[in-house]
Amino acid sequence: MLSPLQPLYLLLVVEPSTCPERLREVEAWEARTGRSLPVAVREFFTSLATIPMAPNEYPRTVWNAPEPGAAIVGRVTDHEWEVSLPDLWAEYHEGSLETLTSVLAAVEHATRDALDGIMPPSGLRGPLVYLQTDVMRQWRVFFELDGSIDPPVHEHHRDRGSPPRTFSSWLFAVFAGSYVHHDMVPYSFWGKNADLTRSEAACPVQPFRNGRWLRASQGPFDAEARAAHEGRLSSYARAYATKARLYDFSLPEGGWIWIVADEDSSEWWIAGETNEHVFALARAARDLGQLTAPLVADTPEGAAALELLAAASRDT
């Protein structure tokens, strides 16, 4: 089964791997306490993201002048940027994220009592663990120890809470919002910590900044569907992380479908230069690839493409 964080990896063009040091910290804690982190939370705190580098394609507004000796977070070469997922989160979001050590201690001692001065909402299946706040400390984020692999996240702004969503959904929304709307992220390349000299030459690839994408989660991507795509679209495939494969199907111009699949599941990412490109590829995914799962639009641009698809379905 693919990771619940897979849509995030596709958005950021990430090849995920495990950070040995952080994994050892978690395993030592598990051996000592007999407790465990929810799978999605554990993956977030123990993963490394490797992102391809390329010459910058987009005009950027530098947030402010870099400090003397500014350095890029993580390890960067001419070809790739390797950074932990928590450090990458800080590259896209202004706020204070708890460290792995703090989260492990909080899980170990979690209770159903008030947390950070906030009474937990009713109907919880487990205690809350404090995760993150904004720079003004007005917005608090907690995850619930309900026994699931992708636990509910509860957000609390001043005196009111928001409907819960899964950890992976919350994490994706944080990245996607900054990715589309903030032209200075990631901060190491374009913001207050920018190494501008290196950024001018190369930066992490960001092919989805126009917001024109749709995505879906489904079961296996079978041989018949692959053959149908290959017969109509340009294609290639390669090995991906965690024993999966990445399939790339593209139009002659303007758009492509990425599918990451293992034996049990597949994640689909449909993107284009225009809404019409997204529409054409979404139709191909349904007609050729037997995509029956609902398509998700995360942006107004994606919603416009999805409306085109819905209108075409009504007309047929």
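Everything numeric in this text was worked out from a predicted model, so none of it was measured.
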Give the C-alpha distance, both sets of side-chain angles, the deciding distance and a yes or no for side-chain contact (heavy atoms from CB on, under 4.5 Å) between L171 and L8.
-> CA-CA 8 Å; L171 193 64; L8 176 63; 3.8 Å; yes
Taking all non-hydrogen atoms of both residues, which atom of [X] and which atom of [Y] are closest, and how far apart?
| X | Y | result |
| --- | --- | --- |
| R245 | A239 | NH1-N, 3.8 Å |
| E267 | P7 | OE1-CG, 3.7 Å |
| P151 | E144 | CB-O, 3.1 Å |
| L2 | A244 | CD2-CB, 3.9 Å |
| L88 | F175 | O-CE2, 3.7 Å |
| G302 | A297 | C-CB, 3.6 Å |

Quick one: do [X] and [Y] end up in the same hydrophobic cluster if we chain Ile, Leu, Val, Met, Phe, Trp and Tyr together by side-chain heavy atoms under 4.5 Å apart?
| X | Y | value |
| --- | --- | --- |
| L12 | W269 | yes |
| V107 | I149 | no |
| V185 | M53 | yes |
| L11 | V174 | yes |
| L85 | V73 | yes |

Nearest-0.5 Å distance, [atom1] of residue [X] to [atom2] of residue [Y]:
| X | Y | atom1 | atom2 | answer |
| --- | --- | --- | --- | --- |
| D195 | E200 | CG | CD | 10.5 Å |
| Y179 | Q206 | OH | CD | 5.0 Å |
| R42 | L23 | CZ | CG | 5.5 Å |
| L5 | E43 | CG | CD | 4.0 Å |
| Y92 | H182 | OH | NE2 | 12.0 Å |
| T299 | E301 | OG1 | CD | 4.5 Å |

Could you check if a side-chain atom of [X] sits within less than 4.5 angstrom of a side-chain atom of [Y], using non-hydrogen atoms only?
| X | Y | answer |
| --- | --- | --- |
| S199 | N56 | no |
| L128 | H154 | yes |
| K192 | M184 | no |
| L131 | L97 | yes |
| W256 | D248 | yes |
| D262 | K243 | no |
| L10 | F172 | no |
| W29 | R35 | yes |

Other cluster members, L291 - Ile/Leu/Val/Met/Phe/Trp/Tyr, side-chain contacts below 4.5 Å |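 Other cluster members: L214, F221, L233, Y247, F249, L251, I257, I259, W268, I270, V278, F279, L281, L295, L306, L308, L309.
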Is there a donor-acceptor contact under 3.5 Å linking the side chains of [X] and [Y]?
| X | Y | value |
| --- | --- | --- |
| Q132 | S96 | no |
| D150 | S148 | no |
| E25 | T101 | yes |
| E30 | S36 | no |
| W190 | D183 | no |

Test side chain to side chain donor-acceptor pair (under 3.5 Å) on Q218 and S266 and set out the steps.
-> CA-CA 5 Å; Q218 191 161 282; S266 57; 5.2 Å; no
Going through the distances and angles, do L104 and L37 end up as a side-chain contact (heavy atoms from CB on, under 4.5 Å)?
-> CA-CA 8 Å; L104 292 176; L37 283 177; 3.8 Å; yes
[X] and [Y] ion-paired at < 4.0 Å:
| X | Y | value |
| --- | --- | --- |
| R209 | E57 | no |
| E27 | R22 | no |
| R215 | D298 | yes |

Answer yes or no: does atom CD of E21 have more than 12 heavy-atom neighbours from other residues, nucleotides or ligands under 6.0 Å?
-> yes
Do other residues, nucleotides or ligands put more than 12 heavy atoms under 6.0 Å from the CZ atom of R125?
-> no
Please list all pairs passing the side chain to side chain donor-acceptor pair (under 3.5 Å) test where one or both residues lie in residues 225-238, with sequence neighbours left out.
->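 Of all non-adjacent pairs touching residues 225-238, those that pass side chain to side chain donor-acceptor pair (under 3.5 Å) are E15-R238.
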CA sep, side-chain torsions, deciding dist, call: Y187, H93, side-chain contact (heavy atoms from CB on, under 4.5 Å) = CA-CA 9 Å; Y187 293 144; H93 188 75; over 6 Å; no
Proximity of W170 and F143 rings by center, below 6.0 Å |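 No, the ring centres sit 6.0 Å or more apart.
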is_close_aromatic(W258, F208), centroid dist under 6.0 Å |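 Yes; F208 has its ring centre under 6.0 Å from that of W258.
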Evaluate the ring planes of W81 and F189, with Trp represented by its six-membered ring, and classify them as parallel (under 30°), tilted (30 to 60°) or perpendicular (over 60°).
->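 If you compare the ring of W81 with that of F189, the planes turn out perpendicular.
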Start with the C-alpha distance between V103 and Y130, add both sets of side-chain angles, then the distance that settles side-chain contact (heavy atoms from CB on, under 4.5 Å), and finish with yes or no.
-> CA-CA 8 Å; V103 167; Y130 175 65; over 6 Å; no
Name all residues meeting the side chain to side chain contact (heavy atoms under 4.5 Å, CB included) criterion together with S102; count only those two or more places apart in sequence or in a different chain, and write none if there are none.
->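 Counting only residues at least two positions away or on another chain, S102 forms a side chain to side chain contact (heavy atoms under 4.5 Å, CB included) with E98, T99.
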Is H277 reaching over with its side chain to a backbone N or O of G255, donor-acceptor style, under 3.5 angstrom?
-> no
Take S188 and E91, measure what side chain to side chain donor-acceptor pair (under 3.5 Å) needs, and give me the verdict at the end.
-> CA-CA 7 Å; S188 281; E91 292 282 297; 2.9 Å; yes
